[in-house]
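Let me begin by presenting the structure, written as structure tokens, before commenting on it.
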Amino acid sequence: MATRDQPPRRSRPGPWPPAGSAIPDHAAAAPPPQPLSWAKRTGFKGRVSGESNASSSGQISLPKPKEADANVDLESGRTHALPTPPPSVPAVTNGPQERVAAPAPADPVARKRRDSDGGGPGRGPTAAGLGANGQHRSDPPAQPKLRREEETIALPQVREEDDGFASRQSHIKYELRDTPGLVPIVVYGIQHYLSILGSLILTPLVIVPAMGGTSEDTACVVSTVLFISGVTTLLHTFFGTRLPLIQGPSFLYLAPALAIINSPELQGLNGNNFRHMMKELQGAVIVSSTFQTILGYSGLMSLFSRLINPVVVSPTVAAVGLSFFSYGFTQVGNCLEIGIVQIFLVIIFALYLRKIRIFDHRIFLIYAVPLSLGVTWAIAFLLTESGLYSYKGCDISRPASNTLSAYCRKHVPRMKHCRIDTSHALSASPWFRFPYPLQWGTPIINWKMVLVMCVVSIIASVDSVGSYHASSLLVASGPPTAGVLSRGIGLEGVSSILAGIWGTGVGSITLTENVHTIAVTKMGSRRAVEFGAVVLILLSFFGKIGGIIASIPMVMVAALLCFMWAMLAALGLSNLRYSEAGSSRNSIIVGLSLFFSLSIPAYFQQFGLVPNANSAVPSYFQPYIVSSHGPFHTSYGGVNYVLNTLLSLNMVIAFLIAVILDNTVPGSKHERGVYVWSEAETARQETAIQRDYQLPFKAGRIFRWAKCVGL
């Protein structure tokens, strides 16, 4: 060690300051400046050289943490104090540097689990100089590679966010290629689907009554949705991106479907309105999904994906959830005592009781929707049986126009919305029913509706890109390649074609709620998702299952939709964590996109609308009849329909504004959070990435000629 009489000996290159080096006299003479009170509380160490640290976005950024400061969580923006190793732990010496090994995790499974970056140094997105979110970073070079024994011990401590979102160091019990035992597969497979039950069943409960369908029609459509969701999920886990993502009827298709249902040419139809409207939706979905299939398998999606970043995905997905504010509580108000109880229960289960674990499972957080639905349904049953909603001399089966008594005209609507025995779906549904193609008739192709759905299919692809990226960071060795991305979008187009042929009314794409489910359940194995898909297909053959779901009162459906749409908006905004969320550039772009996604459609929806002129259309469906009174009035009726309809959709406006501003306003790749996909050559050399995304049964040979859709 150096002394005052002897100058310090120059050490070998290593972390600064070198271990065991002395402080020179001139440096020791000048005491360090005393930190201010806020610095003492936060542990902040500022730069004393006086150099500027202003970022290009106009913000004052703090100094970046060094490699030793591993306790800074760059995703959540919080500082976590790492546990100090006990004094009795011996130091592991590696050359001139001294390294203290961290104590091994108490959980033996955690020692075997790979980190969500890919399992260690040289794997995953961090291997190519990428950040924890898969984005470019400018951190110092990585430290020398540890031996395998040291690598196992030096894994970062497991952290789990309170809101259920997993950070980069989150512990996943089973990763993508893991094959747990039979019991975990059964438990987690069923749990995965129950956690997103609302996304699977609520869409047909909205569109079928809007088309004039009966409760029996609703039960048939629900069974078809379960069948198609199971089939398309199996296709995606085998021949798509192979990520554990459930396919189903996304809320993204709900607004354009309602716009088509309320088109002027479909109003006032004679005969079976439901079948005719369903055939119109089938034709639009089939043709637009063919366009999405070409977009994916041609490789054009890999080029289009360069325009898609978290700043684009975030407001686009959030606008989908915010666009239905006029429907949610409007329906809940038809029976407040039931609807309010449903909303309160799902909030209590999902938020206040979210940390309660039963058998090491967050029961209330994972099953918030089915649990709250069951409890509310039981309460409504007791109120119905107690005679609270029974009014003497009033019959809910009698049309309101034939009711002469003012007393009954006042109370019959309340009876319809509050009683649980008004639906005959369960009694009318057969025990066994096999969904078959073209069960509603031959699809009708209307080019105006096809063009609207083609634009929607592009936005659906944008939503799926965000889900691919987020889920790969949780369960895979690295992000997929651009070819795997295109392959997934192409297969989603095929899935939506199947949904159109079978007649679900909407397309079948990756459900956004998948990412939240994986982060909460810690289950990333594709085997569990495949088992759940098989169970879903088997359940679709039992007609009574669809009858039970179709019997859910609309007040409860609307209350659950209030929660699901709010959650969808939150999931969309959560994509900003993959970019610099504090950047003024990103904040302004997202704010403008969200504001105009609400304001511009409101202008189109209110333009030329005469109050009480469309009394046949309920008030909550008024935003979807804009094609008949929008501001575009050219000599071409089809052009008017397409422009008025598209520009009245909130997600379309949010996407257009976000994609234009994000790709024209200057900003660094790190600031924008540019998605970084694995390089094809690197993926072919990396065994882990190959096993994650390569097609099974040697099916990859089919795509050898098309590099744009393979590894």
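Side-chain contact between M301 and I308 is present, with heavy atoms from C-beta onward closer than 4.5 Å. Side-chain contact between V462 and V465: absent, with no pair of heavy atoms (C-beta onward) separated by less than 4.5 Å. Taking 4.5 Å as the limit, every side-chain heavy atom of P249 sits out of range of all side-chain heavy atoms of T504. In this structure, S229 and I246 have side chains that are in contact, with non-hydrogen atoms separated by less than 4.5 Å. For the pair S678 and T682, the minimum side-chain heavy-atom distance is 4.5 Å or more. Side-chain contact check for S263 versus M449: some heavy-atom pair is nearer than 4.5 Å. A heavy-atom distance below 4.5 Å is found between the side chains of I588 and L592. Counting only heavy atoms from C-beta outward, the side chains of L474 and E175 never approach each other to under 4.5 Å.
A donor atom on one side chain and an acceptor atom on the other are not found under 3.5 Å apart for S457 and S288. No hydrogens or angles considered: a donor-acceptor pair under 3.5 Å links the side chains of N640 and T634. Remark: the T224 side chain and the Q439 side chain contain an N/O donor-acceptor pair separated by less than 3.5 Å. Counting only N and O atoms by type, the side chains of E671 and S579 include no donor and acceptor under 3.5 Å apart. Checking S199 against E513 by side-chain atom types alone, a donor-acceptor pair falls below 3.5 Å. In this structure, a donor-acceptor pair under 3.5 Å is absent between the side chains of S495 and H236. With 3.5 Å as the limit, one finds no donor-acceptor pair spanning the side chains of S461 and E492. Remark: the D463 side chain and the T512 side chain contain an N/O donor-acceptor pair separated by less than 3.5 Å.
In terms of heavy atoms, N514 sits closest to L511 at ND2-O, 2.7 Å. Here the shortest heavy-atom pairing between P256 and M651 reads CD-CE, 3.8 Å. When all heavy atoms of A210 and I261 are compared, the pair lying nearest together is O-CG2, 3.6 Å. In terms of heavy-atom proximity, T442 sits nearest to K279 at O-CD, 3.1 Å. The shortest heavy-atom contact between L226 and S540 is CB-CB, 4.0 Å. Counting all heavy atoms, side chain and backbone alike, S464 lies closest to I489 at CB-CD1, 3.9 Å.
At least one donor-acceptor pair closer than 3.5 Å links the side chain of N575 to the backbone N or O of G572. Counting only distance, with no hydrogens or angles, the side chain of S195 and the backbone of T517 share no donor-acceptor pair below 3.5 Å. Listed for the D662 side chain is no donor-acceptor partner under 3.5 Å among the backbone atoms of V312. Between the S250 side chain and the Y253 main chain, no donor and acceptor come within less than 3.5 Å of each other. Counting only distance, with no hydrogens or angles, the side chain of Y693 and the backbone of L243 share no donor-acceptor pair below 3.5 Å. Within the 3.5 Å criterion, the main-chain N or O of P435 finds a donor-acceptor partner in the side chain of W502. S486 places no side-chain N or O within donor-acceptor distance of the main-chain N or O of Y297, the cut-off being under 3.5 Å. Judged by distance alone, the side chain of N586 and the main-chain N or O of E580 form a donor-acceptor pair under 3.5 Å. The backbone N or O of S467 lies less than 3.5 Å from a partner atom in the side chain of S471, making a donor-acceptor pair. Listed for the N309 side chain is no donor-acceptor partner under 3.5 Å among the backbone atoms of R672.
The neighbour count for F304 CZ, taken as heavy atoms of other residues, nucleotides or ligands under 6.0 Å away, is above 12.
Put simply, CD on Q292 and CG on L491 are 10.0 Å apart, with the number rounded to the nearest 0.5 Å. Going from atom CZ of F239 over to atom CG of L234 covers 10.0 Å, rounded to the nearest 0.5 Å. Once rounded to the nearest 0.5 Å, the distance linking CG of L498 with CZ of F227 reads 9.0 Å. Atom OG1 of T290 sits about 12.5 Å away from atom CG of L295, to the nearest 0.5 Å. We find the CD1-CD1 distance between I660 and I589 to be 11.5 Å, quoted to the nearest 0.5 Å. To the nearest 0.5 angstrom, L245 atom CG is 11.5 Å from I509 atom CD1.
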**OP:** Please test V450 against I445 for side-chain contact (heavy atoms from CB on, under 4.5 Å), starting from the C-alpha separation and ending with a verdict.
**Re:** CA-CA 7 Å; V450 166; I445 298 178; 4.0 Å; yes
**OP:** Check step by step if side chain to side chain donor-acceptor pair (under 3.5 Å) holds for S496 and S508.
**Re:** CA-CA 5 Å; S496 294; S508 181; 5.8 Å; no
Subject >> Intermediate values then yes/no, side-chain contact (heavy atoms from CB on, under 4.5 Å), R275 and M211 >> reply: CA-CA 8 Å; R275 286 185 174 270; M211 290 187 287; over 6 Å; no
**OP:** Kindly indicate, with the supporting measurements, whether the criterion side-chain contact (heavy atoms from CB on, under 4.5 Å) is fulfilled by V674 and R306.
**Re:** CA-CA 8 Å; V674 174; R306 299 176 184 178; over 6 Å; no
Subject >> side-chain contact (heavy atoms from CB on, under 4.5 Å) assessment of L594 paired with L573 >> reply: CA-CA 10 Å; L594 287 178; L573 294 176; 4.0 Å; yes
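Remark: of the listed residues V221, V222, V506, V506 is the sole one forming a side-chain contact (heavy atoms from CB on, under 4.5 Å) with T203.
Between Y327 and W565, the angle of the ring planes goes over 60°, which puts this pair in the perpendicular group of the 30/60° scheme. By the 30° and 60° cut-offs, the orientation of the rings of F607 relative to H633 is tilted. The aromatic rings of Y578 and H469 lie perpendicular to each other, with more than 60° between the two planes, well past the 30° mark.
Under a 4.0 Å N-O distance rule, the pair D178/R527 does not qualify as a salt bridge. The residues D692 and R242 are annotated as not salt-bridged, no charged nitrogen and carboxylate oxygen being separated by less than 4.0 angstrom. Using a 4.0 Å cut-off between charged side-chain N and carboxylate O, E280 and K448 make no salt bridge.
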